[in-house]
Every structure is written in C-alpha cells, then in structure tokens.
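See structure below.
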Number of protein chains: 2
Amino acid sequence: MTDRDPIAAARAQWISHGWPDAADGMALVTSVVRAQQLLHERVEATLRPHGLTFARYEILRLLAFSRQRSMPMSRLGSLLQVHATSVTSAVARLETQGLVERLRRESDRRVVLASLTAAGEELVERATRDLNEQVFSSPGLDATQVRDATRLMSALRATHGDVVDDVTGA
Amino acid sequence: MTDRDPIAAARAQWISHGWPDAADGMALVTSVVRAQQLLHERVEATLRPHGLTFARYEILRLLAFSRQRSMPMSRLGSLLQVHATSVTSAVARLETQGLVERLRRESDRRVVLASLTAAGEELVERATRDLNEQVFSSPGLDATQVRDATRLMSALRATHGDVVDDVTGA
DNA sequence: GGGAGATTGTAGGACGTCCTAGGAATGGCG
DNA sequence: CGCCATTCCTAGGACGTCCTACAATCTCCC
C-alpha cells in the first residue's frame, strides 16, 4: 500500500486545521527542502567515487576557476555563502587529501590562501565531467522547466537579500 | 563593491569552459540548494525561541496530526524521508525535552511508538502559529509564483521517484 | 612609537544527516 | 518444535553546518 504524496497530505491537513493562508507557503517550503534533498543525494553519489563531497567540490571548483588557482579563506566563504568555520573544516580535509595547500599571504599575514595542488586540479576536472554527465545535463526537468524553475528560485533568493542577476527574465 | 550573483557567474564560467549543455542544470541545482538554505534559515530562526529545530518540529507536527498522538519510529522515517537513525536521535532529544515519550507496542514488541506528551502538544501548536505567521504566509513569492514553483518542485520530485499528486496542474 | 579597534582565521561544541554494525523480537518453514 | 530470515531500532563514527570564543595580525590615530 503506497502512501500518498506526503506534501500534498500535509497541505490538506493545513487547510482542514484552519490555516488556509499558510498552506501554499508550507507546501512550497517543504517542496524546496525535498527537491534539494533529492538533488543533493544525486550529486553526493556522483562525487563519492572521487572521495569528494559537494562542499569540498565547490571549493576546488572555485579555486580552479580563479587565475592564481588560490583564494583567501574568507572569499571562499562569501562566494559559497557558508560560515567561515565551515570553510576552515572543509579546507582542512582537502589539505589532508593533498588537493589543496594553505599559504600565508606575505603582504597581510592574517590571510590564509587556499591553493590548488596539481592533484586537486586533475581531480576537480574529472569530478566536473562526471557531474555534468550524470546530473547537470539531465537534472530531471525539461529545458523550459529548468529555466522557469531557476528563475523562480532566483526570485526567491532575491527576496531574501541575495544579489541576483536576470530576475526579469529576458 | 558588491559581487555579482554567484550562480549567474558560475553559469557563465560553465559556458565559457565548454560545458554549455550542463550550464542550465548546474544553475538549477545550485539555485535550489541556495533557496533551500535561505528558507531553512528563516524556519530555524522562528523555531529557535521554542527550543526546536525543523527536524524535531516535523516529528511533533506529524504526531499531533495523528489520531493516537503516536506513531512508530519507522513510520516517522518513511513519512519524513529521512534515515532511521536520524529519527532515533531526534526522538531521543524530544524525549529529553519532555515533549515525546517512547512506548513499546504490546502486540509487536519490536515497534517503538513515539507519543506526544501534553507539553509537546502545546508547544507544537505555538510553534506552528509562529511558522505560519512569520514564514509560510509570506514565503517570499506572490501567490502565482508560489503555485508555479511548488508545481515545478513536484515535477522534479516525481522524476526522482517520489510519490507526487497533482503534477498535471489543474 | 604604541595602544585601541578591526579583520582574519581557528578551536571546541551542539546538532542533523548518513553509513555500517549489531542486538532484540517476530514469523515462517522445515 | 526450533532455527533463520526479516523487521525494527540503537550505537558509534564520519561529515557538514552553525555558534561562541579566542589568537594573530593589521591599521589608524593619538
């Protein structure tokens, strides 16, 4: 006996308990949480054979895009929108794996530069190829839906203070 | 000096590095992850004064909806789509807080029933009221966008194997 | 110079999630 | 009747996230 959609069921409960004005918002929040969970699982499964998690992959990816193959810890945190201590622990693991090394900037010795090693550079390219093939090129919606959904998520981000380009939707 | 939208920037990098077919999918995944993070932060901020997290709130909410005010651990896990061990640790904390108690079902002594206490029942109603007022009734999109976004997230869930009602969109 | 205040990063702790392993209770099958 | 596969739950560990300190370093201004 298969259960019904838990989110649709929760929405019905919300209405029958006298919270109709909040029911759609509840369903939206719950749907986004669940969609993120499913996408995250696919991404993690793809990265696992490479010994990476998404958090660590994102750091390698940013470093590989940068000119110097290195970046201050604080800049990683602000670009990835995570707490500084999360960056510290992720970079510590990447350093243990030999994918990144820490350098202290001479002109300002407070700054720690996370710098990609040759091994890190090779790994991030292989991992990116797999992610593109196994997740990003077929995320589970058709091209129109992908564009619409991305635009709606951007609008949501914008109302929460994120800097967002292109909400108007050309 | 404000940075540009990190997701739009990543999408541009994807295209210029020769991965145009994956760029939109990457942007979608990243947008969903970020939107979830923002909504999750608002929800957690609302629940914190009540001494709850979203994970524990969801358990209390399900129990309060159920007839007996109780439910097997395994059912909580399947409804919430989380690992059984996550349920164990959340219920353990709720028990410490005096919001839930564990009962063993007599007819099948393998089953542990998580059962709402009077304190838990009161708390979940107060927490729900705050969530409805502070998050769910104004999730950050207008009514049309909320409906569209929920429908797209449902389609995404459906392609990943979730049981989903109402994808067709009346 | 030299101290006050900012900025940058790390340490330690709480919590949630997953995984693997394993202990109890049930139910079926020889 | 008794053994075993299944089901249900918990224990312990890895990882990511946040928070509150705190240490090191830089900057500014007296």
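Just so we're clear, the structure is a prediction, and the values are computed from it rather than from any experiment. A note on names: the letters A, B, ... follow the listed sequences, proteins ahead of strands, and every chain is numbered from 1.
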Completion exercise
note: Glu44(A), atom CD; dC19(C), atom C1'; distance rounded to Å ~ 13 Å

Exercise for the section: Examine dC15(D): is either OP1 or OP2 under 4.0 Å from a nitrogen or oxygen in the side chain of Arg93(A)? Give yes or no. Expected result: yes

Problem - Basic-acidic side-chain contact under 4.0 Å: Arg126(A), Glu121(A) - result: no

Exercise for the section: Could you tell me the separation between the CG atom of Leu80(B) and the C1' atom of dG16(C), rounded to a whole number of Å? Expected result: 13 Å

Problem - Backbone N/O of Leu99(B) and side chain of Thr117(B): donor-acceptor pair under 3.5 Å - result: yes

Problem - Phosphate OP1/OP2 of dG16(D): any Thr53(A) side-chain N/O under 4.0 Å - result: yes

Problem - Reported OG-to-CG distance for the pair Ser86(A) and Leu76(A), which is rounded to 0.5 angstrom - result: 12.0 Å

Practice task
Looking at every strand, decide which applies to Arg48(B) at a 4.0 Å heavy-atom threshold: base, sugar-phosphate, or nothing.
Solution key: nothing

Exercise for the section: Take the protein atom OH of Tyr57(A) and the nucleotide atom P of dG16(D), then report the distance between them rounded to whole Å. Expected result: 16 Å

Problem - Same cluster (ILVMFWY, side-chain, under 4.5 Å), Val112(A) and Leu62(A) - result: yes

Problem - Any donor-acceptor pair under 3.5 Å from Gln97(B) side chain to Gly51(B) backbone - result: yes

Exercise for the section: Check every strand shown and say whether Arg105(B) touches a base, only sugar-phosphate, or nothing at a heavy-atom separation below 4.0 Å. Expected result: nothing

Exercise for the section: Could you state the atom-to-atom distance from CD of Glu41(B) to C1' of dG16(D) in whole Å? Expected result: 14 Å

Problem - Gap between atom CG of Leu39(A) and atom CZ of Arg34(A) - 0.5 Å precision - result: 10.5 Å

Practice task
Using whole Å, report how far CD of Gln36(B) lies from P of dT17(D).
Solution key: 11 Å

Handout entry: Over all atoms of both residues, closest heavy-atom pair of Ala64(B) and Arg69(B)
Key = O-NH1, 3.1 Å

Exercise for the section: Give the rounded distance in Å between these two atoms: CD of Gln97(A) and P of dA14(D). Expected result: 14 Å

Problem - Value in whole Å for how far the P atom of dT17(C) lies from CG of Leu38(A) - result: 15 Å

Completion exercise
5' to 3', nucleotides 1-11 of chain C under a 4.0 Å protein heavy-atom cut-off (B base, S sugar-phosphate only, - none) gives ------BSSBB

Handout entry: Contact nearer the 5' end of DNA chain D, comparing Arg56(A) with Ser107(A)
Key = Arg56(A)

Completion exercise
Separation of dG16(C) atom P from Leu47(B) atom CG, nearest Å, is 11 Å

